[in-house]
2 protein chains.
Amino acid sequence: MPKQTFFNLPESKRHHLLEAAEKEFARAPLSEASIANIVKEACIARGSFYQYFEDKEDAYFFLLNQQMKELNMRFISILKENNGDIIDAMIEMYHEFLIVLPDENEHDFFKNALLNVTHKMENSFTSIFEGNHSSEHMKEVTKLINVDCLNISDEKDIIYIIKIVAAVAFRNFVEKYSGALSDEEAINIFKMEMNLLKNGLYKKK
Amino acid sequence: MPKQTFFNLPESKRHHLLEAAEKEFARAPLSEASIANIVKEACIARGSFYQYFEDKEDAYFFLLNQQMKELNMRFISILKENNGDIIDAMIEMYHEFLIVLPDENEHDFFKNALLNVTHKMENSFTSIFEGNHSSEHMKEVTKLINVDCLNISDEKDIIYIIKIVAAVAFRNFVEKYSGALSDEEAINIFKMEMNLLKNGLYKKK
DNA sequence: ATAATAAATGACACAGTGTCACTTGTCAAT
DNA sequence: ATTGACAAGTGACACTGTGTCATTTATTAT
């Protein structure tokens, strides 16, 4: 987590600094991003950066988690619109992410994140479901999911469904960003895979 | 790819060098591994390393792909034993990977790989299915898979099934290595998720 | 024996990180 | 208004690690 000093910063300066960081992380993947570029862009001294953050990763994951928090909120409202159908909601989310994502910087930022995935990042991504990781919030989300049509006997098994859907959605994002897939192709493939998940990979006897 | 010089090396020296590299990559994740440690362990000059490899990544992915080639062969034979049932085969593979993986260094090497995943690595992992990436070899693998029980109309859609199974299996590996799951728990969870994939996440109407 | 080609070497220039002693700013108490 | 105490800001610096290159050493062909 960023240090207290960072949170004491006046709103405008903090915002400016985060923008500079996002720009750098959009330019290059985490390992190639440099603190020098961030402080230059933000017009602060190198030492100041270390007043605010532990290191590069600290700034990076703060930024990533912040973005994810927004996506998480969006996912919740999409889930409501789809009456708790987790797969239909995921399809819509996927669509929205590809088509209506506005900011160029933000786009590149996610692209770099997806193409250079560490475990921490994957955790951050799947937190679309988990909110701020508090199990309290998690419960709230799972409550939204319509469990009647799910193929589980115990309600707590819903976690496995979520994980499966997240894993497959995640991989689709990565493929879309790394390959030469058009948006339309990507979405069609995604829908197909989601349907396979719904109905099962194996034929019903 | 490693340079020609590397392949010209006498077998023993090449082997020694690769062992030194594996040891270093088992000690630390890719970004923290250092060439200095590799050349020290292998007793060669720093410059020599650059005669053999482009850079650190070059050595790393050569090693990773080599390991994956072995796993791929193993998966094919497991698939045969399971009469082309891709999910049962995957369960057995998962089990074997967790339980019968022998070498300590190899174990740590995979652990680091899984916890610090780049897109290239994920590609390398899912190549369990794809062999040496030639579509020729890929066809051979898909031919092994028993397609009769699969929930697809066109045989070429088998690729989506494979990707889904791989994505979910992959995530299970990562979780096992990053979390505090026992082998038994991990395998039980994995089986449960694989069954959900077989039968579908949604109830049959 | 000699030339020519390939391999090996380690000193070095360069780039980036994290630290620290020091300077500057802020604000409450007098 | 002045002082003192604490928070924030600074950039030079030591350190670590990378990739290069001129030079040396080994190997092979003639």
Side-chain angles (χ1 to χ4, degrees), chain A residues 1-64 109 112-113 116 118 120-121, chain B residues 1-64 109 112 116 118 120:
Chain A
M1 272 300 256
K3 301 181 183 170
Q4 188 53 47
T5 320
F6 175 73
F7 295 107
N8 294 343
L9 246 36
E11 162 65 23
S12 74
K13 188 169 184 181
R14 200 170 63 228
H15 185 73
H16 191 222
L17 175 53
L18 284 178
E19 280 211 324
E22 186 180 5
K23 185 174 171 190
E24 175 62 4
F25 291 130
R27 185 194 65 78
L30 178 53
S31 65
E32 281 157 43
S34 95
I35 293 172
N37 282 338
I38 296 176
V39 299
K40 200 159 102 192
E41 177 78 20
C43 299
I44 61 171
R46 178 172 192 80
S48 298
F49 182 90
Y50 287 96
Q51 297 273 24
Y52 307 142
F53 302 105
E54 294 295 334
D55 49 27
K56 204 170 46 166
E57 276 74 24
D58 191 29
Y60 185 80
F61 287 110
F62 176 73
L63 213 47
L64 183 60
F109 177 80
N112 274 333
N116 194 343
T118 68
K120 276 184 190 171
M121 285 194 221
Chain B
M1 271 300 260
K3 300 181 183 170
Q4 188 52 47
T5 319
F6 174 73
F7 296 107
N8 294 343
L9 245 37
E11 163 65 23
S12 74
K13 187 169 185 180
R14 200 170 64 229
H15 185 73
H16 189 61
L17 175 53
L18 284 179
E19 281 211 323
E22 186 180 4
K23 184 174 172 189
E24 176 62 5
F25 291 130
R27 184 193 66 78
L30 179 53
S31 64
E32 283 156 41
S34 96
I35 293 172
N37 283 338
I38 296 175
V39 299
K40 201 158 101 193
E41 177 77 21
C43 298
I44 61 171
R46 177 172 193 80
S48 298
F49 182 91
Y50 287 95
Q51 296 273 29
Y52 307 142
F53 302 105
E54 294 294 335
D55 50 26
K56 204 171 45 167
E57 276 73 25
D58 192 29
Y60 185 78
F61 287 109
F62 177 74
L63 213 45
L64 182 61
F109 177 80
N112 274 333
N116 194 341
T118 69
K120 276 185 191 170

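Letters A, B, ... mirror the listed sequences (proteins, then strands); counts begin at 1. Fair warning: this is a prediction, and the values are worked out from it, not measured in the lab.
The phosphate of dA6(C) (OP1 or OP2) has no side-chain N or O of N8(B) nearer than 4.0 angstrom. Proximity of K40(A) to the phosphate of dG16(C): no side-chain N or O atom is located under 4.0 Å from OP1 or OP2.
Remark: side-chain polar atoms of E24(B) are paired, donor with acceptor, to backbone N or O of S34(B) under 3.5 angstrom.
Atoms OG1 and CZ, from T5(A) and R14(A) in turn, are 12.5 Å apart once rounded to the nearest 0.5 Å.
You'll find the side chain of E54(A) stays beyond 4.5 Å of the side chain of F62(A), heavy atoms only. In this structure the side chain of F25(A) never reaches within 4.5 angstrom of the side chain of L64(A), judged on heavy atoms.
Every residue two or more places apart in sequence or in another chain was checked for a side-chain hydrogen bond (donor to acceptor under 3.5 Å, both in side chains) with R46(A), and none qualifies.
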Report task. Take E41(A) and N37(A) through the test side-chain hydrogen bond (donor to acceptor under 3.5 Å, both in side chains) and record every step on the way to the result. Result -> CA-CA 6 Å; E41(A) 177 78 20; N37(A) 282 338; over 6 Å; no
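Taking for each of Q51(A) and I35(A) the nucleotide of DNA chain C with the nearest heavy atom, the 5'-most of the two is the partner of I35(A).
Rounded to a whole Å, the CZ atom of F49(A) is 11 Å from the C1' atom of dG18(C). Atom NZ in K56(A) sits roughly 10 Å away from atom P in dG16(C) (whole-Å rounding). In this structure, R46(B) atom CZ and dT9(C) atom P are separated by 14 Å, rounded to whole Å. Atom NE2 of H16(B) and atom P of dA8(C) are 14 Å apart (whole Å). Atom NZ of K3(B) is separated from atom P of dA6(C) by 14 Å (rounded to the nearest Å).
Residue S48(A) is in base contact, counting any heavy-atom pair closer than 4.0 Å across all strands shown. If you check every strand for non-hydrogen atoms under 4.0 Å, K13(A) touches sugar and phosphate atoms only. Residue-level contact check: Y52(A) touches the backbone only, with heavy atoms under 4.0 Å from sugar-phosphate atoms and none from bases.
Here the range on DNA chain D touched by chain B, meaning any atom under 4.0 Å from one of its heavy atoms, is dT18(D) to dT20(D).
Aromatic ring centres of F53(B) and F61(B) lie farther apart than the 6.0 Å criterion allows.
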